[in-house]
Structure formats: C-alpha cells, structure tokens
Amino acid sequence: SMREFIGQLRESNDTVVQHCPVISTDCHILYSFLQQMLPSQQVLTISSLLSMLRTDKTNVLPTDTSEMIPLLTILSAKGLILFIFNKHNPHESWIVLQKNMLLQRVAGVLFAPKSFGEYRALASNIGAVPITRITECFPDLDAHMLVEFLSQLKLCHLVDSTLKIVDTSQTLPDLTRDSAGGGYSLFFPSLINLARPDSFDPASFNTKGSFGWLMRTKEEYQFFHNRFLHALMLTLMKGCGGTEIMCNPELRSLNRQCMVWSTGICWNTADGVTILVDVV
C-alpha cells in the first residue's frame with residue numbers, strides 16, 4: 001500500500017542521512033573561504049591554504065594539517081571540491097576548487113579532434129602521452145597533481161617507459177624525466193589508434209571449448225558511449241588484464257601482459273586461458 005511505501009521510503013532516507021558525513025560549521029566556513037579564491041585560483045595545496053589561514057586575523061578554522069584533512073575529505077565526498085590526498089607528503093596534498101573547469105581545460109587539449117585549433121599531436125598510436133608533453137601544455141600545473149587528478153577521474157593509468165602500469169600508492173616516481181630518458185607517460189584508451197589484429201577476430205574464438213557473452217543496449221538505436229569503453233578497458237587492465245600494455249600480439253606472454261586496440265583488449269590468465277573483450 002501507499003502507507004507502507006512511504007514508511008519504507010522514510011526508513012531508507014533515515015539510513016542515508018545517518019551514514020552521510022556530517023557537514024559541520026567548520027566545513028561551511030572552510031567552503032566559503034575556498035570559494036572566495038575563485039576564479040583567480042583553482043588549485044592549491046594544504047600548505048598554501050594553511051599559510052593563508054594563519055595570516056587571516058578573523059580565522060577560526062584549524063591550521064594544522066591533521067585537522068584540516070578530515071574537513072577537506074568531507075567536502076570532497078559531497079562533491080563540493082576534489083581533494084587529492086598525497087600520502088607521501090600530506091602537507092602537499094592538492095585541493096581542486098572546481099574540478100569541472102580544470103577537467104574542461106585539460107580534456108580540451110588532450111582529446112581535441114584534429115580539426116580543432118586546440119589539437120596537439122601528443123599521443124602515440126597506443127594511446128600513451130609522455131608526462132613531459134603534458135606539462136609543456138600546462139606549465140602552471142604540478143605534474144603529480146595532474147596525474148592524480150586524471151587517475152582519480154578514471155581517465156588514464158600512469159605507465160613507465162616499458163608501458164607497465166605504475167602503482168602511485170606505493171611509490172612517487174620522478175615525473176620530470178623526458179621520454180627519451182625512460183620517462184613516464186599517461187595511457188588513455190580513447191587515444192589508441194590501432195585496429196584490431198586479424199588474429200584477435202572474435203569469430204576465431206568461436207571454437208570448441210570457448211564461450212562468450214554479449215551485452216546490448218536496451219534500445220535498438222542506442223550505442224555505447226566512448227566513455228564506457230574507456231572506463232571498461234582501464235578497469236580490466238588494472239584488475240584482470242595485467243600490468244603491461246602491448247601493441248604486438250607476438251610479444252604477449254602468458255601472464256601480466258595485455259594486448260590493446262581501439263575497441264578492445266585481450267590477455268592470458270595465469271591458467272593459460274585467453275580472454276578477449278571487444279566492443280563493436
């Protein structure tokens with residue numbers, strides 16, 4: 001009945017409210033303080049924020065890093081800002097005041113079509129963009145902040161000169177080396193410019209002992225967005241496919257390497273099972 005439905009809705013709402021981070025008075029004051037910096041400043045570190053707070057005679061907010069991090073984390077969870085925690089140096093964690101504006105600026109260069117004036121030939125045919133090329137485009141932005149910003153938004157993976165995925169939670173690599181000196185790159189699946197190899201035609205996998213699944217859209221004339229394929233490939237590479245990206249199918253070993261092309265990915269498991277995912 002309607003009464004039961006309203007009761008269930010009220011109970012669900014109470015549960016959501018109980019588990020939501022509490023927006024304290026300090027959070028409100030901090031957010032108002034951060035909003036005053038726009039549009040002149042869009043990205044800053046905790047250290048620079050605390051320096052400004054210490055010189056503000058009317059400040060009532062904490063000026064210690066350990067006390068500031070929880071407040072910024074709550075604001076980030078609410079979607080009001082993007083807080084990028086730097087576990088290697090918490091004092092230098094980044095605060096992105098308007099992530100949509102920053103994303104629009106960065107994506108406008110990285111993903112610009114060739115016919116656009118903003119287009120720059122940054123990526124290789126496998127979708128890897130050297131960090132040094134990115135920092136040349138955005139000299140006012142910290143390289144580590146850019147990497148973490150794009151990674152948190154599920155747009156790329158950081159890879160080394162051999163195209164192995166780098167786990168930044170374990171180590172903070174030197175991003176200043178150029179690509180010729182064995183530097184780092186960001187891997188973007190949507191920038192891959194490789195056709196599917198003939199040997200990876202899904203029809204060739206239709207043999208005894210193989211199986212597969214097909215995912216369709218609900219409507220006949222709907223199509224999967226490029227963002228879907230982008231996120232799917234990044235997730236498969238990190239969680240299932242492997243840690244090393246390959247573009248030559250002949251070099252792929254049994255484990256921890258994956259073959260990629262513009263619409264799919266293929267890898268071998270530790271058990272020798274070949275898995276192919278292709279969006280057509």
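None of the values given here were measured: they were computed from a predicted structure.
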Heavy-atom pair of closest approach, residues I84 and M145: CD1-O, 4.1 Å
Separation between CD1 of I46 and CH2 of W94, rounded to the nearest 0.5 Å: 10.5 Å
Qualifying side chain to side chain donor-acceptor pair (under 3.5 Å) pairs, either residue in residues 59-75, two or more places apart: D64-S66, T65-H91
Side-chain heavy-atom pair L30, L72 within 4.5 angstrom cut-off: yes
pair N86-H144: side-chain heavy atoms closer than 4.5 Å: no
Heavy-atom pair of closest approach, residues L155 and F188: O-CD2, 3.2 Å
Check: L82 and S76 side chains under 4.5 Å, non-hydrogen atoms: yes
T45: side-chain hydrogen bond (donor to acceptor under 3.5 Å, both in side chains) partners, not counting sequence neighbours: S47, S48
Point-to-point distance, once rounded to the nearest 0.5 Å, from CG of L191 to CD1 of I126: 12.0 Å
For I29, all residues meeting side chain to side chain contact (heavy atoms under 4.5 Å, CB included), sequence neighbours excluded: T25, V60, L61
pair S151-C156: side-chain heavy atoms closer than 4.5 Å: yes
Sequence neighbours excluded, every pair satisfying salt bridge (charged side-chain N to carboxylate O under 4.0 Å, His left out) that has a member inside residues 88-103: none
Point-to-point distance, once rounded to the nearest 0.5 Å, from CG of L80 to NE2 of H28: 9.5 Å
Check: M52 and F33 side chains under 4.5 Å, non-hydrogen atoms: yes
Contact check, side chains of L234 and P189, non-hydrogen atoms, under 4.5 Å: yes
Could you list the donor-acceptor pairs under 3.5 angstrom formed by side chains in residues 101-123, with sequence neighbours left out?
residue	atom	partner	partner atom	Å
R105	NH1	D140	OD2	3.1
R105	NH2	D140	OD1	2.8
R105	NH2	D140	OD2	3.3

L158 side chain reached by L186 side chain, heavy atoms, under 4.5 Å: yes
Salt bridge (charged side-chain N to carboxylate O under 4.0 Å, His left out) contacts in which one or both residues fall within residues 47-63, not counting sequence neighbours: none
Note, L75 side chain near F83 side chain (heavy atom, < 4.5 Å): no
Least distance between heavy atoms, P130 atom then S185 atom: CA-OG, 3.5 Å
Interatomic distance, D278 atom CG to R196 atom CZ [nearest 0.5 angstrom]: 4.5 Å
